[in-house]
Number of protein chains: 2
Amino acid sequence: MLDSIEIKQSIKRTRVHEQVTRILLRRIIRGKLQVGQKLSTERAMALEFGVNRTTVREALRYLENLDLITIRQGDGAYVKNYLESGNIQIVKAILQVDNSMRFQVITAIMEIRRINSPEMAYSAALKRSQSHLQRLENTALNRWGVSVIERDKKIHHLIGLASGNILHVLMTNFYEEFYDFFGHLYFENEKNKKRSEKFHKDIFFAIKKQNAQEAKKIMREILLYSEKALFSKIKCGADA
Amino acid sequence: MLDSIEIKQSIKRTRVHEQVTRILLRRIIRGKLQVGQKLSTERAMALEFGVNRTTVREALRYLENLDLITIRQGDGAYVKNYLESGNIQIVKAILQVDNSMRFQVITAIMEIRRINSPEMAYSAALKRSQSHLQRLENTALNRWGVSVIERDKKIHHLIGLASGNILHVLMTNFYEEFYDFFGHLYFENEKNKKRSEKFHKDIFFAIKKQNAQEAKKIMREILLYSEKALFSKIKCGADA
DNA sequence: GTCCGATAATTGGTTCAACCAATTTTGGAC
DNA sequence: GTCCAAAATTGGTTGAACCAATTATCGGAC
């Protein structure tokens, strides 16, 4: 009961089937297991990795849920072409096993966010309910309590809810999964922090006024700003 | 070897752990299992459903992959708030267990597509390689072979590839998972078919000319058209 | 020789029983 | 009441066995 969530997450022992997942994932992403190729049998993999077949099966279940493989009883498991059938979650999986694609993936994510979030803000300004507005105000104007990064997450999330489109919410969840990868790079800078706090207020008032065009513009500008700030940071980091 | 893919898919016996998944999914989506609530123990569920604990575990693994539950060794499994942490794949899961949200979900998906795909076409026109252009031409201009709906899927997919953003490709995969739900309603109409075939040619030529603005406009127009066509269809279906 | 069908071998799906590892609960010492 | 160690609870993993679908094999009909 006393353990903080941070400790729980950092200490948590990696489950064996997650390690197996990682190995297979790496083989697929790196191309050691090519599209259409048949995986070893469950029994053979259990032997190879020195684990139980049940454990292998849990790993295969994960890859199947990502649409990275198909499994057919009596036959075997085959690698699918993730560009044709894979679901969006695979980019996170990719990042975890292949750091070389990191920059490309992050760029792709930010581009998608730059396309979607302004429209999300637009819809939110038009459709926001009174209760969403209230929650937005509580989060945007109260400077105490949580960190800026946490407040930023919450603002985007609330705007998603206010937009009335569940996919906007889920897309926002998706972006946030990558805050761990690059969010701190942005928010550790004091100037960026200030800029985002201004954003929180501005977008709240635009949504309050139901000025959709302005909300869209404000969202667009903060995303462009943060992208620029982030990439210059990454470039500096690479030079150092 | 003789069985067609259709037969394979329709006949395929539902795996037991998938049935368990379905039950638990329904309980969560319908709110019988509320956010924060603890699920029964694996052993208890195995008893309740009359299956083995291993089978229950495979179902739980699925829900965990969807970020619908968290599992903690020594403690148990808890329902998460999917609006805060769920990944995009859950909307498909929702559709499979709760038909009442069907209209809302499809509307949400089409809105997101209307936001993204025109920008995807824009990028594709700017960045398309010669090989992507070639594949696009083969698909867009050859009227023989596959059905219009299959050609349509392929066109969108190729535009995604040409855009150079892997997320555009994966988002396109995502939309396509719902063609089964509403695609046939659109493509069974001869006039709609003709309209889409025109779209295929038009967007190809725009991308060939690298006219990004035009490609974006063409994409936007076909999406608006198809949405209108689809909703009038759904409305008629509801009246009949 | 080819083709067909029965049969065997292979492989994923499920079950059972046991034990390991983390967490929670219990109950006594203070 | 607090604290700590033991016990109970619960998820994680293992091993072996059997079920079910697919594939490979082999013998006979032609």
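A note on names: the letters A, B, ... follow the listed sequences, proteins ahead of strands, and every chain is numbered from 1.
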| Within residues 51-63 of chain B, residues whose heavy atoms come under 4.0 Å of DNA chain C | B:V51, B:N52, B:R53, B:T54, B:T55
| Restricting to pairs with a member in residues 91-100 of chain A, which pass side-chain hydrogen bond (donor to acceptor under 3.5 Å, both in side chains), not counting sequence neighbours? | A:K92-A:E177, A:D98-A:S100, A:N99-A:R102
| field | A:N173 versus B:Y82, side-chain donor and acceptor atoms under 3.5 Å | value | no
| query | Taking atom P of C:dT14 as reference, at what distance in whole Å does atom CG of B:L47 sit? | reply | 18 Å
| field | Any A:H17 side-chain nitrogen or oxygen under 4.0 Å from OP1 or OP2 of D:dT13 | value | yes
| remark: Closest to the side chain of A:R43, out of C:dA22, D:dT10, C:dG12, is C:dG12
| query | Whole Å only: how far is the CZ atom of A:F49 from the P atom of D:dT13? | reply | 15 Å
| task | Could you tell me the separation between the NZ atom of A:K38 and the P atom of C:dT11, rounded to a whole number of Å? | result | 6 Å
| request: State plainly whether the residues B:R128 and B:E137 are in salt-bridge range, i.e. N to O under 4.0 Å. | output: no
| said: Can you see if the side chain of B:R15 gets near the phosphate of C:dG13 - specifically, an N or O under 4.0 Å from OP1 or OP2? | reply: yes
| Is the shortest side-chain N to carboxylate O distance from A:R61 to A:E58 below 4.0 Å? | no
| said: Using heavy-atom distances to pick each residue's nearest nucleotide on DNA chain C, tell me which of B:G74 and B:G50 is more 5'. | reply: B:G50
| query | CD of B:E42 versus P of D:dG11: gap in Å, rounded? | reply | 5 Å
| When you look at B:R114 and B:E111, which way does the salt bridge (charged side-chain N to carboxylate O under 4.0 Å, His left out) test go after all the steps? | CA-CA 5 Å; B:R114 190 181 350 114; B:E111 182 180 349; 5.4 Å; no
| message | Under the salt bridge (Lys or Arg N to Asp or Glu O under 4.0 Å) test against B:E48, which residue among B:R27, B:R53, B:R43 passes? | response | B:R27
| message | Could you check whether B:F174 and B:F178 have their ring centres less than 6.0 Å apart? | response | yes
| field | Rounded distance (Å) that lies between atom P of D:dA21 and atom CD of A:Q73 | value | 6 Å
| field | Gap between atoms CD1 and P, on B:I71 and C:dA22 respectively (whole Å) | value | 16 Å
| field | Between P of D:dG11 and CG of B:D75, the distance in whole Å | value | 8 Å
